[in-house]
Amino acid sequence: METSKAINLLQNKEVAIVGGGPGGLTLARLLQLKGANVKVYERDFSKEARVQGAIVDLHFESGLKVIAAADLMDAFKANYMAGADQYRMVDQDGNVLLDEHNQGPELGFGDEHFRPEIDRGALRNILIAALLPDTVVWDSQLVSMAQVNDSWELQFKNGKTAKAAIVIGAEGYRSEIRSYVTNIKALYSGATIIQGEIDDPQKECPEIYALVENANLIAMGIGKTISVQPRGDGGLTFYASSLYPENWIKTSGIDFNKAEEVYTYLTKYYEDWNPIFFTLFKSANHFVPRPLNYFPLDQDWDTKPNLTLMGDAAHLMPPSGEGVNTAMLDALDLSECLTSGEFQDLHSAIAAYEKRMRARAVILGKEAVEGIKDFASPSEESIQKLILQFSPNELSNDA
Ligand SMILES: Cc1cc2nc3c(=O)[nH]c(=O)nc-3n(C[C@H](O)[C@H](O)[C@H](O)COP(=O)(O)OP(=O)(O)OC[C@H]3O[C@@H](n4cnc5c(N)ncnc54)[C@H](O)[C@@H]3O)c2cc1C
């Protein structure tokens with residue numbers, strides 16, 4: 001049993017983590033390892049409520065380090081998707097530009113360049129299984145909260161309420177809690193993704209399925225990209241990305257709930273591409289348009305004594321292969337600040353965490369913002385740059 005000041009900062013205090021994504025669940029696990037009293041309030045109706053998306057790669061210096069700190073490496077090794085960290089890049093005609101499949105010895109755990117991929121749902125399940133029973137309170141969409149003396153009273157959409165001494169906003173980029181910390185709003189990166197889900201790709205788009213080969217496929221033409229990833233359930237997720245005006249999703253007039261309308265749009269937009277990509281669009285049964293936003297890199301706010309943010313709620317950035325990894329590092333930093341015994345009170349513990357978290361986010365966010373246009377809407381030069389970056393001899397293989 002831990003008896004340091006560490007526990008004392010959280011002693012007799014309930015911690016409410018709002019949002020059961022990779023950041024919030026990791027934090028709950030790390031705090032429970034230190035004996036803290038934690039609940040995770042999650043909007044989803046249940047664990048099975050929705051497909052969590054495709055794969056995510058964890059990095060040696062961030063995601064994997066946190067998995068080890070959470071004592072979950074064995075569970076991770078039992079669930080990761082071996083070989084899925086490889087990349088194949090093709091041009092708009094389907095000609096292979098770069099292929100990591102079957103190229104030399106595979107990297108393994110312990111190698112700092114190894115970035116094993118795991119299905120997002122599998123990662124979520126590992127984290128949930130490691131928590132004490134009933135830690136996650138499902139169907140708890142936070143709508144507002146109010147300070148009552150030194151505590152917070154949380155109000156959920158289903159009419160229920162909860163009290164907590166400390167609240168952590170881990171509910172992603174549309175965070176409600178963020179508005180209680182700062183009024184700094186997100187900016188638009190210039191790029192938008194149309195995400196599509198395919199449940200039976202082997203049958204519906206066999207050529208693409210073969211090209212993906214259970215790993216990462218990136219297809220690039222001038223001004224537009226399609227990336228395709230396997231899901232743990234045998235399906236595929238694709239992201240068709242390009243540059244669009246800020247409110248294009250509304251102004252386009254496309255009803256993204258109608259697969260036929262999205263198919264018509266995509267086949268037109270990609271009309272000079274090899275028609276095998278049209279089979280991808282045709283097979284999708286569900287589309288989600290995603291404008292890629294980010295929080296300003298120089299954001300700052302006055303630390304609150306019993307409230308903070310983590311993950312996308314704190315520092316949303318365009319996809320660069322770092323978001324989940326960074327959210328997990330936030331969880332490690334915050335759990336350490338709250339339980340290490342280094343700080344006299346919650347306010348200074350949270351201040352120290354926020355300083356570290358923001359410093360990291362500035363560096364990663366800058367890379368993500370600078371890189372997104374090259375990725376979503378490449379030029380000939382940026383395609384060559386990406387081939388170099390993803391080449392088997394290079395060290396970085398971010399999604
Ligand atoms: C297209 C795309 C591809 C990406 N690829 C990668 C990648 O390859 N690698 C990588 O590391 N990152 C990637 N990212 C980024 C990554 O998905 C995010 O950075 C990461 O999921 C953030 O984790 P989080 O826990 O902070 O928030 P989230 O994952 O957004 O989780 C938030 C949770 O809060 C819940 N919630 C939301 N609102 C409420 C509410 N009001 N009350 C209660 N619960 C609520 C949600 O249901 C969800 O479970 C990608 C992002 C996109 C858009």
Side-chain angles (χ1 to χ4, degrees), residues 16-28 39-47 49-50 52-59 62-64 66 84-85 87 115 117-121 123-124 127-128 136-145 154-158 160 162 167-179 189 191-196 216 218 225 227-229 237-241 288-295 309-331 334 357 361 364-365 368 372 375-376 397-399:
I17 300 170
V18 181
L25 292 172
T26 303
L27 178 64
K39 289 280 183 212
V40 177
Y41 297 98
E42 165 56 43
R43 175 182 62 185
D44 285 351
F45 286 103
S46 69
K47 193 155 80 98
R50 70 186 160 96
Q52 293 297 308
I55 50 177
V56 60
D57 59 323
L58 296 196
H59 305 176
S62 47
L64 289 177
V66 183
D85 54 321
Y87 279 80
R115 294 180 162 189
E117 301 264 9
I118 187 164
D119 179 77
R120 280 174 187 256
L123 178 61
R124 193 189 213 199
L127 291 166
I128 291 171
V136 181
V137 187
W138 301 100
D139 185 19
S140 301
Q141 179 175 348
L142 183 103
V143 286
S144 66
M145 57 185 204
L154 310 179
Q155 177 71 54
F156 301 104
K157 194 176 171 196
N158 62 9
K160 294 190 178 159
V167 175
I168 319 291
E171 351 89 284
Y173 77 103
R174 288 207 179 99
S175 167
E176 196 63 46
I177 293 172
R178 190 177 160 90
S179 65
S189 70
T192 290
I193 280 177
I194 300 172
Q195 178 178 338
N216 287 282
I218 302 177
T225 296
S227 40
V228 195
Q229 293 186 323
T237 298
F238 73 81
Y239 306 102
S241 48
V288 186
R290 296 186 188 279
L292 299 180
N293 295 328
Y294 65 99
F295 289 126
L309 303 169
M310 64 180 297
D312 279 5
H315 47 64
L316 174 69
M317 52 186 84
S320 64
E322 297 288 353
V324 168
N325 286 280
T326 315
M328 292 175 77
L329 264 189
D330 289 352
L334 181 53
M357 175 268 283
L364 297 174
I372 191 62
F375 187 80
N397 63 353
D398 290 357

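Everything quoted here is computed from the prediction, not taken from an experiment. When a ligand or atom number is given, it counts from 1 through the structure's own listing order. In what follows, residues are counted from 1 in the order of the sequence shown.
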Exercise. Can a salt bridge be assigned to the pair Arg124 and Glu42 using a cut-off of 4.0 Å between side-chain N and carboxylate O?
Worked result: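 Here Arg124 pairs with Glu42 in a salt bridge, since their nearest N and O are under 4.0 Å apart.
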> Is any side-chain heavy atom of Tyr294 closer than 4.5 Å to a side-chain heavy atom of Leu292?
Replying inline: no
To the nearest 0.5 Å, what is the distance between CG on Asp139 and CZ on Phe45?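 Here the rounded value is 5.0 Å.
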Within the 4.0 Å heavy-atom shell around [X], which atoms of ligand 1 are there?
| X | result |
| --- | --- |
| Ile193 | 1 (C) |
| Gly23 | 25 (O) |
| Gly20 | 33 (C), 34 (O), 49 (O) |
| Asn325 | 11 (O) |
| Gly311 | 26 (O) |
| Tyr239 | 1 (C) |
| Val18 | 42 (N), 43 (C) |
| Ser140 | 42 (N), 43 (C) |

Margin query: Using a plain distance cutoff, I'd like to know if Gln141 has any nitrogen or oxygen under 3.5 Å from a nitrogen or oxygen of ligand 1.
Written below: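 Such a contact does not occur with ligand 1.
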Hey, is the main chain of Ile177 close enough, under 3.5 Å, to the side chain of Glu171 for a donor-acceptor pair? yes
